Amino acid sequence: MHYHPENIEPKWRKNWVETQLYKVSNNTEKPKYYVLDMFPYPSGAGLHVGHPLGYIASDIFSRYKRLQGFNVLHPMGYDAFGLPAEQYAIQTGVHPAVSTDENIKRYREQLDNIGFCYDWSREVKTSDPSYYKWTQWIFLQLYGHYYDQNQNKAVSIDELISVFEKEGNASVKAANSQDFIFSASEWQNMNAKQKDDVLMNYRLAYRKTGYVNWCEALGTVLANDEVKDGFSERGGFPVEKKAMMQWSLRITAYAERLLNDLDTLEWSDALKAMQRNWIGRSEGAQVFFDIQGHDQKLEIFTTRPDTIFGATYMVLAPEHDLVGLITTADQKEAVAEYVDYVSSRSEVDRMSEVKEVTGVFTGAYARHPLTGKNIPIWLGEYVLKDYGTGAIMAVPSDDDRDQVFAKKFGLEIIEVVDKTEYPGATAHDKVGKMMNSDFLNGVEVKEAISAMLSKIESLGIGSRKINYKLRDANYSRQRYWGEPFPIAYDKDGVSHALDIYKLPLELPELENFQPASGGKSPVARAEDWVNQYPGMELETDTMPGFAGSSWYFLRYMDAVNDKAFASKEAIDYWQDVDLYVGGTEHAVGHLMYSRCWHKFLYDLGYVPTIEPFKRLVNQGMITAYGYYAENLKFNDDQTLIGNIKDINGQNNMQVGSPIRLAYINDFLDPQGRITKEKFVEYYTSIGKNFNVNGDLLKYHWVKDENGSEFFTVNIVQEKMSKSKYNVQNPDEVVEKYGADCFRMYEMFLGPIEQSKPWDTKGIDGVNRFLRKYWSLYFNENGWNVSSEAPTAEEYKVLHTTIKKVTEDIERFSFNTCVSAFMMCVNELKKLECNKKEILSPLNILLAPFAPFITEELHALLGNIDSVHKASYPVFDAQYMVQDTVEYPVCVNGKKRDMVEVSSKLTPKEVQDIAMTLDNVKKYVEGKELQRVIVVPGKMINLVVKE
RNA sequence: GCCGAAGUGGUGGAAUUGGUAGACACGCUGGACUCAAAAUCCAGUGCUAGCAAUAGUGUGCGGGUUCGAGUCCCGCCUUCGGUACCA
């Protein structure tokens with residue numbers, strides 16, 4: 001008679017597994033719908049209450065679509081390769097595969113507990129050889145293709161080779177990093193190694209030496225999106241630039257398509273903006289400057305060719321290739337010293353001293369292509385090697401950085417844009433009239449840009465060019481726990497793809513997971529493995545974390561296929577992901593790589609759609625209530641002083657007083673002081689219980705004006721993780737209140753997109769709702785559902801709820817759905833409604849939210865089949881219609897009276913009646929009536945002249 | 001600096017195209033039931049004044065458009081997220 005979830009939920013949990021209720025077929029007449037969650041990294045901490053937020057939302061949507069008659073694919077799996085498991089292995093010796101499997105088991109239990117409708121027969125695990133076989137296969141496709149800019153698609157490298165054999169590379173238009181032109185005969189005369197090197201400059205997966213993000217503490221390189229503020233995203237260790245031979249993905253080849261196709265997606269503007277920003281397209285010109293006394297030309301990129309008459313000097317990145325060549329004898333020493341100084345500085349150094357200007361003169365001069373004047377060539381840290389050409393023409397009048405540089409080193413400044421007509425405008429606004437600029441004088445900036453572009457092209461000194469901030473993605477990791485590259489090198493160092501029929505190339509067994517010497521992966525120690533092919537050595541680096549996650553959504557379509565990553569039939573049926581739910585932390589990493597891989601597979605004809613994720617919803621994070629440190633600073637005696645505040649900025653406490661901030665204890669010394677050594681020690685040992693998503697503290701090391709080192713901490717709300725002792729375990733909530741209650745409460749907390757702190761103080765309201773809902777079906781004697789015909793009022797309550805809930809599910813507003821259910825039950829309770837014709841459809845409506853209680857009641861209502869196979873109730877407008885409607889009559893918006901009007905009238909008819917009402921005069925009180933506005937269902941407004 | 005999102009009671013949050021701001025819930029106050037408590041039920045609850053009907057006021061701040069603005073426009077402030085010598 002009373003609601004007892006602990007009796008209901010285990011029963012149905014078991015039943016759903018036994019009846020394979022959620023198994024999805026690829027062969028059906030039904031329309032498809034694909035709902036995907038971002039699969040989790042199975043960390044040692046298990047699920048916390050923040051995790052399921054998105055999963056519950058997508059589960060509700062899946063169940064809703066299923067009730068509407070769609071064949072819904074709603075799978076789950078694990079992003080199982082990654083750094084934390086390997087860090088754990090280094091410390092404990094436990095093989096990552098073992099700890100990962102344990103974690104997965106735990107995750108699975110927790111997921112099952114919450115009642116998700118995943119089709120577990122399609123589970124994927126990126127660390128499983130049967131899965132990463134296909135990750136390796138896709139890599140080999142990337143290796144075996146180049147990007148043809150004429151056809152605007154990926155094309156087999158064999159076709160490129162045949163072009164080289166016939167005519168060399170002069171006419172090839174491809175995304176490449178090839179820096180010289182060769183003829184057919186030159187190609188034919190190259191040896192195998194030389195040919196391999198050339199092809200690497202075209203392949204979509206290629207190897208090159210370049211400056212990479214090296215993280216000493218993790219012993220590996222990282223991709224750009226894995227570095228935040230000069231620290232590694234995972235672990236928060238310092239990152240430095242280092243020149244290394246690495247595999248990369250030529251994602252830049254797809255920059256234009258990645259940018260343009262964003263327009264076809266139903267993603268939030270914020271997310272699209274982040275992607276656009278990351279791609280960073282800018283239009284401009286490449287211009288070649290002659291260098292005095294040298295044949296080489298200096299190539300620069302500029303978005304402001306109009307200001308070329310204001311170019312008074314040139315700046316090269318210190319790492320620029322021409323530096324050695326052009327530096328004059330008397331500047332040699334100074335330049336060498338400067339280049340040394342720059343390379344000794346870490347990324348963090350550079351970032352914390354952005355304002356400081358450094359540079360050195362090379363002694364060389366370039367010739368201005370329009371004025372013929374000699375202008376000095378400098379080196380400067382502020383010019384980056386890997387953006388544009390690594391060289392600029394400096395226009396100190398219209399570029400802030402150039403101006404600061406020019407002032408510091410006393411270089412000439414020529415004003416070229418007259419902005420007096422635009423007070424407050426900056427160079428960024430691209431407005432003003434040109435001056436001191438020869439034939440451009442008096443021309444508006446925007447016209448001057450296009451005029452100058454034409455001039456540059458007609459003079460043959462350069463051409464229009466588009467540049468991107470997007471860089472090729474670093475694809476090598478010097479780690480064990482990742483996909484091995486199916487690549488071997490022969491004795492000459494020529495790369496060879498492993499036969500795809502020999503895939504997967506599985507990881508060697510290891511016992512010691514410490515990085516090998518010389519910055520190499522631990523895999524390098526498995527010598528038998530490395531030398532398993534006679535005369536060849538296998539690549540010892542492994543693939544990065546994003547490799548397996550860049551295509552997993554395709555594997556779900558046909559998860560156990562061993563002939564292909566998924567069958568053509570399965571892909572043609574499922575097409576793409578209709579709804580993708582996940583966190584913003586993947587805005588530029590995972591989502592960019594997945595889109596790129598999908599487009600590549602599209603080019604090769606393996607997938608029918610140009611984009612993988614049609615609609616994307618970002619869920620916010622559930623944060624912990626916690627404390628944060630403010631103005632932390634190390635004293636000379638190495639103790640840390642500062643204020644600890646709670647989440648609301650109150651309860652100031654001195655560090656050292658009894659702190660409820662548990663994790664601070666982890667770096668207290670025996671005297672209870674926080675020392676820098678202890679902090680750093682703690683920070684570097686954190687791998688033990690370190691949650692992937694949990695930064696301990698977001699801190700920045702800064703030097704103050706006296707040169708003493710301190711750090712500031714600017715985290716207010718923190719993500720949950722085990723290492724912070726603030727995990728709210730969903731199982732405990734489920735045990736106490738039931739899964740239905742947990743699901744509905746997480747939805748009730750607020751909009752999905754918003755981050756919010758977890759607290760359980762409102763959970764009783766949801767629990768009360770479920771008990772109240774249950775009590776509609778029972779009285780003190782037991783089951784009490786009547787088959788009498790409902791009243792119009794009862795129908796109205798039901799259909800108002802159907803309308804509201806259905807609309808709100810579509811726009812992903814689940815908190816208002818829960819409110820609508822609460823209101824509905826309150827009203828039915830008031831009407832003492834126990835009619836089957838009302839309760840039965842209401843129960844189906846509620847089923848996506850609370851699958852257990854509704855299943856039980858559905859069965860008690862006499863249904864044999866599951867509520868999850870029922871038909872979604874349809875909104876019927878006729879029940880909403882009432883004979884008369886009460887309208888407030890307002891004068892200039894102020895309510896004066898109520899009138900009854902037939903609801904069958906149109907607003908126009910209501911308006912006519914209102915105009916002729918006898919007492920309109922009374923409302924208007926002698927003033928002139930201008931018009932009557934009828935807001936249907938809301939009000940009749942008489943507008944009068946005041 | 002640049003890009004993006006947001007700012008509503010004691011709290012979480014509603015208000016979908018400009019139309020009676022504060023739905024739904026938490027909390028709080030009072031009451032019923034009870035020896036008592038829990039649970040449940042009923043009533044009240046933006047703020048100010050008033051016994052009350054009621055009046056005034058009210059969506060970060062300052063202006064504006066409109067019969068009518070949380071919503072639209074202009075100028076600020078604050079918070080959060082992203083990004084940064086990107087030429």
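Just so it is clear: chains get the letters A, B, ... in the order the sequence lines come, proteins before strands, and each one is counted from 1. Please read these numbers as outputs of a predicted model, since none were measured by experiment.
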Figure out the [atom1]/[atom2] separation between [X] and [N], and round it to whole Å.
X	N	atom1	atom2	answer
A:Y737	B:rC26	OH	C1'	12 Å
A:K465	B:rC86	NZ	P	18 Å
A:D472	B:rC86	CG	P	20 Å
A:F301	B:rA87	CZ	P	7 Å
A:M744	B:rC24	CE	P	16 Å
A:D764	B:rA38	CG	C1'	12 Å
A:R401	B:rA84	CZ	C1'	10 Å
A:K830	B:rC24	NZ	P	8 Å

Can you tell me, in whole Å, how much space there is between the [atom1] of [N] and that of [M]?
N	M	atom1	result
B:rU16	B:rG7	P	13 Å
B:rG1	B:rC76	P	12 Å
B:rC35	B:rA43	C1'	26 Å
B:rU59	B:rG46	C1'	11 Å
B:rG12	B:rA5	P	23 Å
B:rG18	B:rC28	P	40 Å
B:rG22	B:rG10	P	16 Å
B:rG56	B:rG60	C1'	22 Å

Of the nucleotides [options], which has the atom closest to the [X] side chain?
X	options	value
A:Y387	B:rG19, B:rC86, B:rA25	B:rC86
A:K772	B:rC41, B:rA87, B:rG82	B:rC41
A:N277	B:rC67, B:rG82, B:rG27	B:rG82
A:D808	B:rU83, B:rC85, B:rU16	B:rU16
A:A273	B:rC85, B:rC3, B:rC26	B:rC3

Distance flag, aromatic centroids of [Y] and [X], threshold under 6.0 Å:
X	Y	value
A:F405	A:Y313	yes
A:Y773	A:Y3	no
A:Y745	A:F742	no

Could you grab the distance from atom [atom1] of [X] to atom [atom2] of [Y], nearest 0.5 Å is fine?
X	Y	atom1	atom2	value
A:L828	A:K772	CG	NZ	11.5 Å
A:N213	A:L222	CG	CG	6.5 Å
A:M393	A:R304	CE	CZ	9.0 Å

Does the side chain of [X] get closer than 4.0 angstrom to OP1 or OP2 of [N] through an N or O atom?
X	N	value
A:N941	B:rU20	no
A:R471	B:rC86	no
A:R771	B:rU40	yes
A:Q754	B:rA6	no
A:R768	B:rU40	yes

Have a look at B:rG62 and give me syn or anti from its glycosidic angle (syn if within 90° of zero). anti
So what does [X] touch, heavy atoms closer than 4.0 Å: a base, only the sugar-phosphate, or nothing?
X	value
A:I933	base
A:Y468	nothing
A:K804	base
A:N467	nothing
A:I392	base
A:R276	nothing

Nearest heavy atom decides the nucleotide; on that basis, is A:K829 or A:S282 closer to the 5' end of RNA chain B? A:K829
Per nearest nucleotide of RNA chain B, the residue lying toward the 5' end, A:D402 or A:E807, is A:E807
Got a donor-acceptor contact below 3.5 angstrom from the [X] side chain to the [Y] backbone?
X	Y	answer
A:N834	A:N784	yes
A:K297	A:I461	no
A:Y338	A:T358	yes

Measure up the A:F821 and A:F849 rings against each other and bin them: parallel (under 30°), tilted (30 to 60°), perpendicular (over 60°). perpendicular
Angle between ring planes, A:F812 versus A:F61, binned at 30° and 60°: parallel, tilted or perpendicular? tilted
Considering only heavy atoms, which members of residues 811-824 of chain A lie under 4.0 Å from some atom of RNA chain B? A:R811, A:N815, A:T816, A:S819, A:M822, A:M823
A:I308 vs A:M452, side-chain contact (heavy atoms from CB on, under 4.5 Å): CA-CA, chis, key distance, verdict: CA-CA 9 Å; A:I308 195 162; A:M452 187 48 90; 3.4 Å; yes
Where each pair must be Watson-Crick or G-U wobble with both distances under 3.5 Å, what dot-bracket representation of RNA chain B is obtained, with crossing pairs in [ ] and other-strand partners as |? (((((((..(((......[....)))((((((.......))))))((((....))))..(((((..]....))))))))))))....
With a cut-off of under 6.0 Å to the ring centre and 45° to the axis, is A:R595 in cation-pi contact with A:W267? yes
